[in-house]
K.L.:
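Quick one: structure below, then a few questions.
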Amino acid sequence: MVAGRHKSRTLKRVHKRMPGGSTKLTFQKRKPKSAKCSKCGIELKGIPRLNTAKAKNTAKSKKTVARAYGGVLCANCLRMKLKAQARA
Amino acid sequence: MLFEIGRVCLKIAGRDAGKKCIVIDNPGTNTVLIDGETRRRKCNVKHLEPLDKVVSISKNAPPAQVLKAGEELGFKGLVEQKNKKEEKPTAPKKQKAKKQAPAKGAKQQAKPAVSPKKAKEEKAEEEDESAE
Ligand SMILES: [Zn+2]
């Protein structure tokens, strides 16, 4: 029987193998949802789903795209945006 | 011709997206040679948005000429490129600097002899001993 505070399913249940060979039920934080393009909503590539602790120890260049609006807009939406600006 | 030599363009793909450039060579294929706010590189015309300006520039114009044209057009971030290109021919000067480097190294070697860190550690040890 799980403890009362663990019944809500806020935390993810993971069976971890212990050094002694037995398995133990652990409760872990869920991964954040993947980054989406703010215009069309498509999943952005090259943006890892990291929790805050892990994200902190990862280089900025590994969490974003080197393009303008990288990590915010997808490549197609940026292309449309820049074209519209140039033709306006 | 849309992408003739001297056409000012906006790059709309890749890490240079949003930066302006000038076409400096067009061999008639899908790719053209560009330079300006972007790096000097070959580029597919699908990745370029032509603007309404055309400047007079020679084919395969040297970086200095592109810089001059870019300054007139109000391109940004050109100064950094200028400095980099000036540094390249002055390679022999760097070798002179290397000769001076051993002197700096000698100073660094001299520092451990003074060893302020070690002195601190010794002090700390003494304090620990006194605490015990
Ligand atoms: Zn999009």
Side-chain angles (χ1 to χ4, degrees), chain A residues 10-12 14 16 18-20 26 28-88, chain B residues 1-24 26 29-57 66 69-81 83-84:
Chain A
T10 305
L11 297 171
K12 191 179 164 187
V14 181
K16 278 253 166 180
M18 297 289 117
T26 58
Q28 294 179 0
K29 210 175 177 184
R30 287 176 194 276
K31 267 188 180 181
K33 280 177 185 173
S34 56
K36 304 267 182 345
C37 171
S38 63
K39 203 175 175 191
C40 67
I42 199 172
E43 260 185 33
L44 292 179
K45 290 181 179 179
I47 318 292
R49 296 170 62 186
L50 296 176
N51 276 325
T52 45
K54 220 171 187 182
K56 225 177 183 181
N57 293 329
T58 310
K60 181 74 183 169
S61 60
K62 289 188 175 176
K63 291 179 288 189
T64 188
V65 182
R67 210 188 301 122
Y69 289 90
V72 180
L73 289 178
C74 71
N76 283 335
C77 288
L78 176 69
R79 192 177 291 210
M80 279 156 60
K81 187 187 170 87
L82 290 174
K83 273 187 180 181
Q85 278 178 2
R87 291 173 187 187
Chain B
M1 237 167 95
L2 197 53
F3 291 99
E4 71 265 44
I5 291 168
R7 170 71 68 182
V8 182
C9 294
L10 183 72
K11 196 141 190 311
I12 54 174
R15 73 179 224 204
D16 288 331
K19 293 180 179 177
K20 285 175 186 172
C21 60
I22 305 167
V23 177
I24 54 175
N26 188 346
T29 55
N30 286 337
T31 56
V32 292
L33 190 65
I34 57 165
D35 198 358
E37 287 180 356
T38 65
R39 297 162 287 162
R40 189 189 187 92
R41 58 172 300 169
K42 230 161 64 174
C43 177
N44 195 320
V45 292
K46 284 180 182 174
H47 301 165
L48 291 173
E49 174 71 12
L51 304 179
D52 49 4
K53 276 181 191 168
V54 181
V55 292
S56 60
I57 204 163
V66 177
E71 277 172 357
E72 284 170 10
L73 287 165
F75 281 9
K76 287 170 191 172
L78 291 169
V79 184
E80 291 167 22
Q81 287 179 3
N83 288 341
K84 275 178 193 172

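Just so we're on the same page: letters track the sequence lines, and every chain starts at 1.
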K.L.:
Relative to chain A, which segment of B:Lys11 carries a heavy atom at a distance below 4.5 Å: side chain, backbone, both, or neither?
P.N.:
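Answer is backbone: N, CA, C or O of B:Lys11 sit under 4.5 Å from chain A.
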K.L.:
For A:Arg87, is there an ion pair with B:Glu49 - N to carboxylate O distance below 4.0 angstrom?
P.N.:
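Yes, charged N to carboxylate O under 4.0 Å.
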K.L.:
State, yes or no, whether a side-chain contact exists between A:Leu78 and B:Ile12 at a heavy-atom distance under 4.5 Å.
P.N.:
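No - every pair of side-chain heavy atoms lies 4.5 Å or more apart.
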K.L.:
Once you round to the nearest 0.5 Å, how far does CG of B:Asp16 lie from CZ of A:Arg67?
P.N.:
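Going from CG on B:Asp16 over to CZ on A:Arg67, the span is 12.0 Å.
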K.L.:
Looking at A:Tyr69, I want to see if its OH is surrounded by more than 12 non-hydrogen atoms of other residues, nucleotides or ligands under 6.0 Å.
P.N.:
no
K.L.:
I need the minimum non-hydrogen distance between B:Ala17 and A:Ala68, along with the two atoms involved.
P.N.:
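Nearest pair, atom of B:Ala17 first, then A:Ala68: O-CB, 3.7 Å.
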K.L.:
Hey, which of A:Val65, A:Leu82, A:Asn76 has the most heavy atom pairs under 4.5 Å with chain B?
P.N.:
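Heavy-atom pairs under 4.5 Å are most numerous for A:Leu82.
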K.L.:
Determine whether more than 12 heavy atoms belonging to other residues, nucleotides or ligands lie under 6.0 Å from atom NZ of B:Lys53.
P.N.:
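It does not: B:Lys53 NZ has 12 such atoms or fewer within range.
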K.L.:
So for atom CZ, which belongs to B:Arg15, do other residues, nucleotides or ligands contribute more than 12 heavy atoms lying within a distance under 6.0 Å?
P.N.:
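No, CZ of B:Arg15 has 12 or fewer neighbouring heavy atoms, counting only those of other groups under 6.0 Å.
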K.L.:
Step through the shown structure and confirm whether more than 12 heavy atoms of other residues, nucleotides or ligands are within 6.0 Å of CD1 on A:Ile42.
P.N.:
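Counting neighbours around CD1 of A:Ile42, 12 or fewer heavy atoms of other residues, nucleotides or ligands fall under 6.0 Å, so no.
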K.L.:
Among B:Gly18, B:Pro50, B:Gly14, single out the residue with the greatest number of heavy-atom pairs under 4.5 Å to chain A.
P.N.:
B:Gly14
